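Got a structure here, written out as structure tokens. Questions coming.
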Protein chains: 2
Amino acid sequence: MGRRATTRRIGIADVALKAGVSHATVSRVMNGNFTVDPAIAERVRAAATELNYQPNPVGRSLALGKTDTIGIVVPDLSNPTFQAILRGLSMAAAQDGYRVLIADSSEVSSEEAILAGEARRRCDGLVLCAPRMGDAELEELAPSLHPMVLINRSTLDTRAPSLMVDYGQGIQELAELLVGLGHTRLAFLAGPTRSASNGLRLQGLEKFKAAHPEINLRMLDAGSSFEAGHQSVDSVLASGATGVMAFNDLVAMGLLSGLHERGVRVPEDISVTGFDDIPFARYTTPTLSTAAVPINELGQQAWHRMRDLIRNVSPDAGTEGPTIFLPRLEVRGSTGPAKA
Amino acid sequence: MGRRATTRRIGIADVALKAGVSHATVSRVMNGNFTVDPAIAERVRAAATELNYQPNPVGRSLALGKTDTIGIVVPDLSNPTFQAILRGLSMAAAQDGYRVLIADSSEVSSEEAILAGEARRRCDGLVLCAPRMGDAELEELAPSLHPMVLINRSTLDTRAPSLMVDYGQGIQELAELLVGLGHTRLAFLAGPTRSASNGLRLQGLEKFKAAHPEINLRMLDAGSSFEAGHQSVDSVLASGATGVMAFNDLVAMGLLSGLHERGVRVPEDISVTGFDDIPFARYTTPTLSTAAVPINELGQQAWHRMRDLIRNVSPDAGTEGPTIFLPRLEVRGSTGPAKA
DNA sequence: ACGCTCTGAGAAAACGCTTTCTCACTATTC
DNA sequence: GAATAGTGAGAAAGCGTTTTCTCAGAGCGT
């Protein structure tokens, strides 16, 4: 049992021995239980500091039934959006003394369930970030993951708060922006098929089409990366569109770069929009018009929901349904009037 | 003791009961101990799957004395460099079944020691990433953190592997590049004072100065962010330099953006270099010449060192001193010949 | 048929902590 | 001065595993 007898770490027993009291009393002192004689408490504290005693968190976790850790499952840690969510979550959780454990599914949706379950068991709760798994699987998994907070997905399990960005609304506003500038031939560079947020964008664009039958809107497959945008230059030019909405900022930046290489001027010849408003968006040339997702707030909110879940055994009702975050239009230099 | 009687999770005892065997036997079966009768093993496995039993990792950790988790302390998770290291570390560790716990010190160097200690206690090892604390403090802390891997710092504790990037060499190569292009008036946009890597760059530049007394090199304070670069435009222009080396890619991009706003052409009027080769560097306009730090490899290496540390009680000597990573020059569009 | 080894599984200890239970002792009260 | 309440701290029982210890019973040789 246990590890072999390396230089054993200092434990509660050592402190107890040194202070001439029992384990229990040491524990009481360490946890600020005031039913201890001040003199003895002082003796214990002295012994503790002298031995530089630090309680073993694993032992504590087992006894307390909590780990002060939450897990997050992301599809791809190299994606700036998930990095930002992770950061917001981590900072907010740290404020309350919680740490974050990472699980990256590398976009392999079949791994997500195992990964999520494993992470959940190690932690007090789980943030499931834009899971790629199917609805059925998510529905089946959800109950076993509680407490869980979902990002960009929802479930019938009413206990699981859901934070969603209204990509449909955002993309419509971008389309309207372009139409307002006089563009009549638009194109959308679609993201990964498995991405639920891509689906929301497509739904939004369907509404847009219905409202603007006069506008020509082409759907082009791209992806979610720089490279995807860069490689889409040909299909964009071939489409004859003068207003192009990219799946996200990365794709838009790739496109910007590709267009620049071809000598196509932005926004004079073609207007380009992104989505997300990643930090770099305001520093491209031209600066990128985009729909800003309040991503830091998202991570922070995720923690606050999680905290409520962990603290209240019975959640204080009132927050029914998913919380919707509305993207905010950020009009910059990459969009301009259509050519006369 | 323990948590209150919520719907108690399924434990080893339940499986044992259902299979009509003892805890011990269930444990043996779950851990592939072959001293169990195949028939009984099968019965146990059946019970386990039927109850959907999953061992509690906290209990396991306590018994085994390991958590299958490593910690990483970073000064600022919003920095792309640290994000990339985190990612490389996380991916590599995941391959071996380890997870990563995050601790962000928010650049508050006084918090680092506590944060590091706390993280270390929860994990089987710690990666200390570019710590901002002083040398003395680091030296004092190091032994208590073992097993630990250091990034961009080193310590006298020979047990702690150290992965370092030779920023001094990299910045010299960039300076040489500019000199080779005919630039004689250079400027360096310095990073945060506390940053050790900034110090290494300054040392490299001192060597450069010694080797090239004919070159005029100005040091300008900037910082490590976009904004820092953006705000340095005035001082750069005032310096009269035609070749500017930024502390890192972010600063360079900020500068690029600011110069563009001023109508200064890059590289015709001024050449700009970055450092790091973050993913965005190849997509700026013009594309950014920089010194590429093999950042993914760094995270991965950090894990491999950690793994060796965790596995071998006595490290297989041979890897003496820090591992040095040499930046690789990435010449792109932001550097060009000095004006005639 | 007796004793021997060997196999397999249960009992129990250990991991390091928290918390309940229990009780000795002191301080109060009539 | 004895019964009562109150206080503080030790003993011990958990938390959920793994692993050692132990022993019943099977198989084998003589």
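Note that this is a predicted model, so its numbers are computed, not measured. First the proteins, then the strands, lettered A, B, ... as listed; each starts at 1. Side chains included, hydrogens not; waters and symmetry mates left out as well; all remaining heavy atoms used.
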By the 4.0 Å heavy-atom rule, please label Ser27(A) as base, sugar-phosphate, or nothing.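 Base, at least one base heavy atom under 4.0 Å.
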It should be established whether Arg28(B) places a side-chain nitrogen or oxygen under 4.0 Å from OP1 or OP2 of nucleotide dA9(C). no
N/O donor-acceptor pair under 3.5 Å between Ser106(A) side chain and Val108(A) backbone: no
Any Thr25(A) side-chain N or O less than 4.0 Å from OP1/OP2 of dG10(D): yes
Report which part of the nucleic acid Val58(B) touches: base, sugar-phosphate, or nothing (heavy-atom distance under 4.0 Å, all strands). nothing
Nearest whole angstrom, please: distance from the P of dG8(C) to the CZ of Phe34(B). 12 Å
Of all the nucleotides listed (dA12(D), dC17(C), dT18(D)), which has the minimum atom distance to the side chain of Ala63(A)?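 Looking only at heavy atoms from C-beta outward on Ala63(A), the closest nucleotide is dC17(C).
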Judged by modelled atom types alone, do Asn33(A) and Thr35(A) share a side-chain donor-acceptor pair under 3.5 Å? yes
Report yes if a side-chain nitrogen or oxygen of Asn56(B) is closer than 4.0 Å to either non-bridging phosphate oxygen (OP1 or OP2) of dC15(D); otherwise report no.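 No.
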Take Gly59(B) and Asn31(A), find for each the nucleotide of DNA chain C with the closest heavy atom, and name the residue whose nucleotide sits nearer the 5' end.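 Here Gly59(B) is the residue nearer the 5' end.
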Distance test, side-chain N/O of Tyr53(B) to OP1/OP2 of dT17(D), below 4.0 Å: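 Yes, such a contact exists.
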Shortest side-chain distance from Arg60(B), nucleotide among dA9(D), dT17(D), dT19(D): dT17(D)
What nucleotide among dT19(C), dG10(D), dT19(D) has an atom nearest to a side-chain atom of Leu64(A)?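 The answer is dT19(C).
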Glu140(B) CD: over 12 foreign heavy atoms closer than 6.0 Å: no
Side-chain (Arg120(B)) to main-chain (Cys123(B)) donor-acceptor, under 3.5 angstrom: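 A pair under 3.5 Å: yes.
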Here the distance between atom P of dG16(C) and atom CZ of Arg9(A), to the nearest Å, is 10 Å
Among dC15(D), dG8(D), dA9(C), the one nearest Asp37(A) by side-chain distance: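 For Asp37(A), the side-chain atoms sit closest to dG8(D).
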Send over the distance from Asp68(A) CG to dC17(C) C1', rounded to a whole Å. 14 Å
Where the side chain of Val36(B) is defined as all heavy atoms beyond and including C-beta, which of dT18(C), dA9(C), dG16(C) is the nearest nucleotide? dA9(C)
Between dT18(C) atom P and Lys66(A) atom NZ, what is the distance in whole Å? 11 Å
What's the NE2-C1' distance between His23(B) and dA14(C), to the nearest Å? 14 Å
Looking at Val165(B) and Asn152(B), what are the two nearest heavy atoms and their distance?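 Between these two residues, the closest heavy atoms are N-OD1, 3.2 Å.
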Return the value, rounded to whole Å, for the distance between atom CD1 of Ile12(A) and atom C1' of dA14(C). 16 Å
Using whole Å, what does the distance between atom C1' of nucleotide dT19(D) and atom CE of Met30(B) come to?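 Roughly 17 Å, once rounded to whole Å.
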Distance check needed: dT20(D) C1' versus Asn33(B) CG, whole Å only.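 Roughly 12 Å, once rounded to whole Å.
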